[in-house]
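Have a look at the structure below before the remarks.
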Amino acid sequence: MKHVLVLGGGFAGLESAIYLRRFGYQVTLVSNRDYLYLYPLSIWIPTGMTDFDRLCLPLGQLAAVHGFSLVVDRVVGIEAQRQQVELGATTLSYDYLVVAFGGDKVQHNGQEHFLSICGRPEESLALKQRLDALIAAGRGRIAVGFGGNPLDGTGVRGGPAFELLFNFDTFLRRRRLRDRFSLVFFASMPKPGIRLGEKAIGMVDQMLKHQGIEKRVGQKIRAFQADGIVFEDGSKLDSDLTMFIPAVTGKRLLKDSDLPLTEAGFVKINDHCQVAGFDNVFAVGDVARIEGPDWRAKQGHLAEVMARCAAYNIHAQEQGWEKRKGYEKHLSIMCVLDTGNGAAFVYRDDRRGAIVPMPIVGHWIKKAWGLYYKWSKLKRIPRIPGL
Ligand SMILES: Cc1cc2nc3c(=O)[nH]c(=O)nc-3n(C[C@H](O)[C@H](O)[C@H](O)COP(=O)(O)OP(=O)(O)OC[C@H]3O[C@@H](n4cnc5c(N)ncnc54)[C@H](O)[C@@H]3O)c2cc1C
């Protein structure tokens with residue numbers, strides 16, 4: 001039985017391991033954490049609407065349910081020509097390799113002065129502590145923003161920034177404290193979120209205005225400081241608590257590997273998720289360069305589609321089948337933008353961009369998705385095809 005090594009225990013890595021096991025391969029999954037973290041739901045941790053532990057799916061349990069081996073260790077190097085992967089404690093070999101360990105973040109001056117909901121999972125808990133301290137102090141100014149990547153815009157993550165802002169707003173209103181706190185949205189691009197289309201972003205603007213959330217956009221960020229953000233034009237945005245989401249960039253450890261990378265450091269793949277120049281290496285999820293229309297974005301659901309394509313294509317190659325599966329035709333943006341008391345459904349494909357308000361029920365749909373994800377991966381409930 002051929003041995004497939006899957007690197008990464010996020011959406012892409014887990015889905016790859018599950019599908020490769022279904023095809024009957026011996027699978028080893030390597031992750032530097034012993035749990036899969038449900039990033040899309042982490043927006044509720046700072047306001048105490050969910051607990052950290054609820055968002056952690058133990059990989060050991062998933063390994064037992066699906067029959068793959070788990071190694072909890074850090075990948076430090078890949079030598080694809082020699083079919084070897086170096087971990088902190090050992091070196092592993094493989095017949096096929098699936099690289100699925102996500103990306104790194106664009107670096108910023110003074111980055112120690114902000115917390116990110118998209119960074120290490122523990123940062124969400126630090127955000128909660130800082131928010132609680134600010135509430136105890138009785139008043140304050142909270143700045144929430146996201147940044148770009150001039151080399152590759154597919155990993156610019158604005159959705160969770162808007163979600164946190166609206167969740168903070170709802171949280172403060174429920175405690176009748178909203179008038180004591182100012183909320184500010186900031187971004188360096190003149191039209192943040194434009195990939196969703198003019199109509200959708202116009203609606204987000206209206207939502208910000210309606211909730212009394214200030215907006216500072218269009219100025220490049222020079223540096224983050226303990227008490228705010230300094231922009232290129234010398235102006236400063238004062239802040240007692242800054243939450244910022246740097247854009248995703250390529251994984252730095254890959255620079256020393258022999259895998260082909262784009263200028264931004266993402267792994268070059270074809271539509272079948274096969275890495276250029278290697279028959280037996282695939283890359284899926286945030287780690288890979290995705291091709292397609294200008295609005296394309298790295299997302300969890302796309303990471304899963306890519307994982308299923310890679311698993312199928314490995315099997316097809318082994319069986320000598322001609323048919324291959326591609327991810328590009330599945331490109332779309334889908335997101336339930338939660339506000340703490342409702343949500344808006346955001347959708348973008350080649351034909352249209354839409355944002356549909358879903359008061360109250362939208363919030364519960366997002367919660368239900370979290371339960372569905374956990375229980376279906378643990379095989380406690382059947383999977384709905386395509387979800
Ligand atoms: C706050 C937030 C909200 C989001 N909301 C949505 C949403 O609503 N809808 C949507 O579709 N997408 C959403 N996304 C995007 C989505 O979460 C990502 O696209 C998705 O997680 C990418 O999956 P991945 O497996 O490729 O990478 P990751 O999720 O980054 O997983 C990478 C895995 O590799 C492991 N790893 C990293 N480095 C190493 C190493 N050196 N050695 C070993 N293991 C390593 C990590 O521990 C992790 O388990 C959101 C993201 C965030 C952060």
Side-chain angles (χ1 to χ4, degrees), residues 5-17 28-46 55-57 59 62 70-78 85-89 92 98-105 116-124 127 144 146 154-164 167 243 245-248 250-254 257 266-267 273 283-288 290 296-307 310 330-338 343-348 362 365-366 369-370 373 387:
L5 190 55
V6 177
L7 309 179
F11 291 139
L14 176 64
E15 191 77 346
S16 304
T28 304
L29 185 145
V30 181
S31 171
N32 58 356
R33 293 198 280 264
D34 64 1
Y35 60 90
L36 178 146
Y37 186 59
L38 280 170
Y39 271 109
L41 307 187
S42 62
I43 45 141
W44 293 323
I45 291 177
L55 306 192
C56 300
L57 257 172
L59 286 172
L62 290 158
L70 172 68
V71 176
V72 179
D73 199 349
R74 202 163 66 89
V75 176
V76 292
I78 297 176
V85 172
E86 199 189 331
L87 309 185
L92 297 179
V98 178
V99 186
F101 47 39
D104 281 334
K105 299 289 176 311
S116 176
I117 196 72
C118 296
R120 288 175 306 110
E122 298 77 19
E123 280 185 62
S124 60
L127 262 170
V144 174
F146 63 90
T154 59
V156 174
R157 213 147 260 170
F162 293 120
E163 288 187 290
L164 263 193
N167 269 270
M243 198 299 300
I245 303 177
V248 181
K251 201 86 177 157
R252 279 175 260 286
L253 76 88
L254 285 173
S257 77
F266 295 117
V267 181
C273 300
V284 293
D286 282 7
V287 74
I290 53 169
R296 70 198 189 281
K298 293 185 190 299
Q299 278 209 298
H301 73 92
L302 180 65
E304 290 204 324
V305 167
M306 293 171 86
H330 298 282
L331 280 171
S332 65
I333 297 177
M334 256 189 287
C335 159
V336 176
L337 202 74
D338 185 80
F345 178 66
V346 179
Y347 185 79
R348 174 79 205 244
I365 288 176
K366 189 147 183 151
W369 171 81
Y373 184 88
L387 253 186

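The first residue of the sequence shown is numbered 1, and numbering continues consecutively from there. Counting starts at 1 for both ligands and their atoms, in listed order.
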Measuring from L70:CG to D34:CG, what's the distance to the nearest 0.5 Å?
8.0 Å
State the OH-CD1 distance between Y39 and I117, to the nearest 0.5 angstrom.
9.5 Å
Can you confirm, on distance only, whether ligand 1 has an N/O atom lying under 3.5 Å from any N/O atom belonging to [X]?
| X | result |
| --- | --- |
| A12 | yes |
| I117 | no |
| E163 | no |
| F11 | yes |
| V75 | yes |
| R157 | yes |
| Y35 | no |

For [X], is the nearest heavy atom under 4.0 Å from an atom of ligand 1?
| X | result |
| --- | --- |
| I43 | no |
| D73 | yes |
| G159 | no |

Using heavy atoms and a threshold below 4.0 Å, how should the contact between R120 and ligand 1 be classified: side chain, backbone, both, or neither?
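Neither part.
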When you look for heavy atoms under 4.0 Å from ligand 1, do you find them on the side chain of P40, its backbone, both, or neither?
both
Considering heavy atoms of the protein only, find what lies nearest to [atom] and give residue, atom and distance to 0.1 Å.
| atom | result |
| --- | --- |
| atom 30 (O) of ligand 1 | G102 CA, 3.9 Å |
| atom 31 (O) of ligand 1 | G10 CA, 3.5 Å |
| atom 36 (N) of ligand 1 | N32 OD1, 3.3 Å |
| atom 48 (C) of ligand 1 | R33 NH2, 3.7 Å |
| atom 49 (O) of ligand 1 | G9 C, 3.2 Å |
| atom 16 (C) of ligand 1 | G300 N, 3.5 Å |
| atom 53 (C) of ligand 1 | C118 SG, 3.0 Å |

Would you mind listing which atoms of ligand 1 come within a distance below 4.0 Å of any non-hydrogen atom of H301?
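Every atom of ligand 1 under 4.0 Å from some heavy atom of H301: 11 (O).
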Do K366 and D338 sit within salt-bridge range, that is, some charged N less than 4.0 Å from a carboxylate O?
no
Between K105 and C118, is there a donor-acceptor pair closer than 3.5 Å when you use the side chain of the first and the backbone of the second?
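It does hold such a pair.
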